[in-house]
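Numbering of ligands and ligand atoms starts at 1, following listing order.
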Amino acid sequence: MYVSLWAINLVCTLLLLPPSLLAAWSVARGSRQAVARHTRRNARLTLGALFVAGLLILLQGVTSALFLAYGRAFALPHLLVSFPPLLLTALVVVLLTLPRLWELARSPALEGQAHGDTMRHGAKPPALVVPVYGLPVAALVGAYTSIVPPTPTAAALLLTLWALAIVTLWWWHRRCWRADSRGGVAAGRVSRPGSQRLAVILSLVLALASALWFGQRASVLPPRTNMAAAMSADMTTAMLSHSGGIAVPALVGPVLDGPVRKFTLTADESALRLASGATVDAWAFNGSLPGPELRVVQGDTVEVTLLNHLAVGTTIHWHGVDVPNAMDGVAGVTQDAVPPGGQFVYRFRVDQAGTFWYHSHQEANEQVHRGLFGALVVLPRDTVEADDDLAIVAHTWGHTDRGPRFALGSADLLDRRAIRPGATVRLRLVNTDDDLRRFALSGTPFRLAAIDGTDLNAPDEVRDLTIAVPAGAKYDLTFTMPDGTVALTVADAPEAGLLLSVNGDGVPPTSASGPDLDITRYGHSAPTAIVPDSHFDRRYVLDLSQQPGFYDGRFGLLSTVNGQTFPQSPMLMVREGDLVKLTFHNAGFMDHPMHLHGHHWLVLSRDGQVPSGSPLWLDTIDVAPGETWEVAFRADNPGIWMDHCHTLWHAAGGMMLDIGYEGVTTPFDVGDGSGNHPD
Ligand code: C2O
Ligand code: CU
């Protein structure tokens with residue numbers, strides 16, 4: 001719905017350009033002609049073009065106002081920036097130009113006599129032409145701001161430029177017109193501006209070209225950026241005055257006791273096979289697609305040695321586990337990328353039970369796509385496990401000899417498993433893809449027991465609903481195995497799937513077609529430590545959007561937060577103990593699954609609606625186009641933490657920022673010069 005509105009509004013804005021250019025061209029041509037018949041024809045053409053433009057402006061106004069249904073943040077850029085120049089120009093056209101054009105169109109002889117001389121000279125009454133010339137200018141402003149959502153400064157600059165352009169046009173035409181009216185040689189000199197027009201066009205082209213050139217140069221990222229030093233100046237002062245200050249590598253957490261589970265993960269390049277026989281040109285851990293499943297028990301200390309046998313640097317991030325900052329695995333923020341041949345030991349205690357995953361956080365957009373990830377399952381210490389507990393890691397393998405293959409684990413074809421009827425089953429769905437994945441579980445009622453490693457409160461049994469798992473998220477489904485067959489299928493992936501039955505045989509039951517289970521109305525409410533009217537120590541509003549532009553010298557689709565890209569995006573500062581509220585708006589046309597490291601946030605509201613079901617403590621929220629989400633978290637894990645879109649090519653296109661605790665610094669840098677690229 002929102003995306004259609006967004007598209008209609010954009011299309012109206014773009015479609016406005018041809019008729020407004022046509023009107024400008026024909027009004028200019030019309031008044032230059034001496035022959036009355038031609039003048040009349042041009043006046044009619046102008047009127048026609050203006051009529052079409054008028055309709056489009058009306059439609060643009062209506063669609064701009066309709067954005068109000070999604071909230072002020074969505075409507076204001078349209079109502080305050082794109083639309084006013086159009087509205088104003090249209091009003092002036094109606095008041096000043098239309099009556100004259102109408103006269104010209106109806107009684108050409110009269111007008112021809114009245115203006116015969118001036119028309120031969122080429123000057124036109126400003127009231128006739130300037131408003132019409134203003135139309136394509138306003139349409140350009142509208143089109144530009146619809147494609148590149150302006151920051152307040154950019155909006156002010158643009159509106160000023162627009163006003164200046166109109167005033168200059170008016171001044172110029174009045175000058176010509178006056179000179180022409182006086183007649184004679186002087187007029188010829190002023191209003192014979194063939195070369196002047198060329199000069200104007202040339203300087204506009206030159207201005208545009210140099211703006212592009214400067215934009216491209218300016219977008220080249222510095223070889224090194226230190227995220228802590230990139231904090232705003234007053235924050236740096238606050239940081240320095242903060243006694244001591246602490247660097248990320250010192251944030252290793254408490255002294256660890258309890259059982260230690262040791263693993264070694266070796267990252268290497270290898271050709272590996274999926275179930276269908278398709279060969280993946282993979283970068284994988286321990287030669288396995290996906291990486292080995294790590295299964296530990298709540299309270300265990302996990303010790304993972306990463307050995308890097310790749311030709312490039314890599315790291316491991318523990319997605320959804322609130323580890324101490326030094327163990328977070330973000331290249332350039334919490335560590336240097338482990339160089340080829342190097343190693344790094346991650347050590348942390350897992351206090352949360354649930355489904356998590358691990359993946360590279362160095363050039364993640366490439367390394368995760370190639371296979372550097374796996375599931376991390378933390379079993380609860382003192383509750384009974386399910387009889388059959390399966391981690392289902394969904395991934396689209398891009399680098400295969402048969403084109404992209406979607407698979408659950410390494411099964412890109414139907415995966416058959418034998419499960420005893422009556423057994424309790426837990427399916428841990430992990431979506432490692434860039435886009436939301438829609439799962440259907442058919443053949444049995446089930447519960448959505450947990451999201452992002454946190455159990456939901458009193459989840460109801462459902463059936464026939466689809467489960468939409470955002471990119472990066474983990475959803476646990478539980479059920480008791482019936483006598484028949486149960487199938488897990490995934491929308492748009494007809495070949496892959498999971499079939500459960502007493503002996504693994506049988507045909508899959510028809511899969512549920514939806515609707516999606518709405519997590520904000522599922523399960524039962526329970527008291528939470530944070531509520532919507534808690535006192536928040538910090539509030540940040542984050543506008544997610546996308547626009548064409550230069551990023552690190554290359555032209556493409558930028559993904560921005562508040563109009564900025566990483567590492568220029570501002571670091572959100574917090575102090576240990578703060579209650580922090582974040583508001584996300586997505587006025588664009590793509591989902592942004594926003595993920596926070598080191599913390600789980602509580603969903604306060606989606607589109608102004610407080611969740612009526614179970615409290616939702618998540619690490620990833622899918623902010624769909626037109627949506628507003630409010631989330632809050634307690635700043636209880638000091639460090640510098642990534643908050644980014646888990647559509648990894650969006651993150652690589654700039655949609656990342658850091659949340660920084662006052663007093664925390666990092667010795668690591670991001671950028672080509674440092675070899676660290678967290679995206
Ligand atoms: Cu799963 Cu910062 O990522
Ligand atoms: Cu995104």
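- Using a cut-off of 2.8 Å, one finds that His646 contributes no N/O/S atom close to the Cu ion (ligand 2).
- Considering Asp492, Asp516, Thr466 in turn, Asp516 is the only one that fulfils the side chain to side chain donor-acceptor pair (under 3.5 Å) rule with Arg438.
- Relative to the ring axis of Trp283, Arg370 places its NZ or CZ within 45° and under 6.0 Å from the centre.
- Summary: NE2 is the N/O/S atom of His359 found nearest to atom 1 (Cu) of ligand 1.
- Taking the ring centre of Tyr475 as origin, the terminal cationic atom of Arg437 falls outside the region bounded by 6.0 Å and 45° from the ring axis.
- Note on His650: its N/O/S atom closest to the Cu ion (ligand 2) is ND1.
- Distances from the Cu ion (ligand 2) to the N/O/S atoms of His592 are shortest for ND1.
- The distance from atom 2 (Cu) of ligand 1 to the nearest N/O/S atom of His597 is under 2.8 Å.
- Between Phe373 and His395, a ring centre-to-centre spacing shorter than 6.0 Å is recorded.
- Each of Asp452, Thr432, Asp619 was evaluated against His319; a single residue qualifies, Asp619, per the side chain to side chain donor-acceptor pair (under 3.5 Å) test.
- For atom 1 (Cu) of ligand 1, the set of nearby N, O or S atoms under 2.8 Å includes none belonging to His361.
- For a distance bound of 2.8 Å, the N, O or S atoms of His644 include one lying that close to atom 2 (Cu) of ligand 1.
- A distance below 6.0 Å separates the ring centres of His644 and His646.
- For His319, the N, O or S atom with the smallest separation from atom 1 (Cu) of ligand 1 is ND1.
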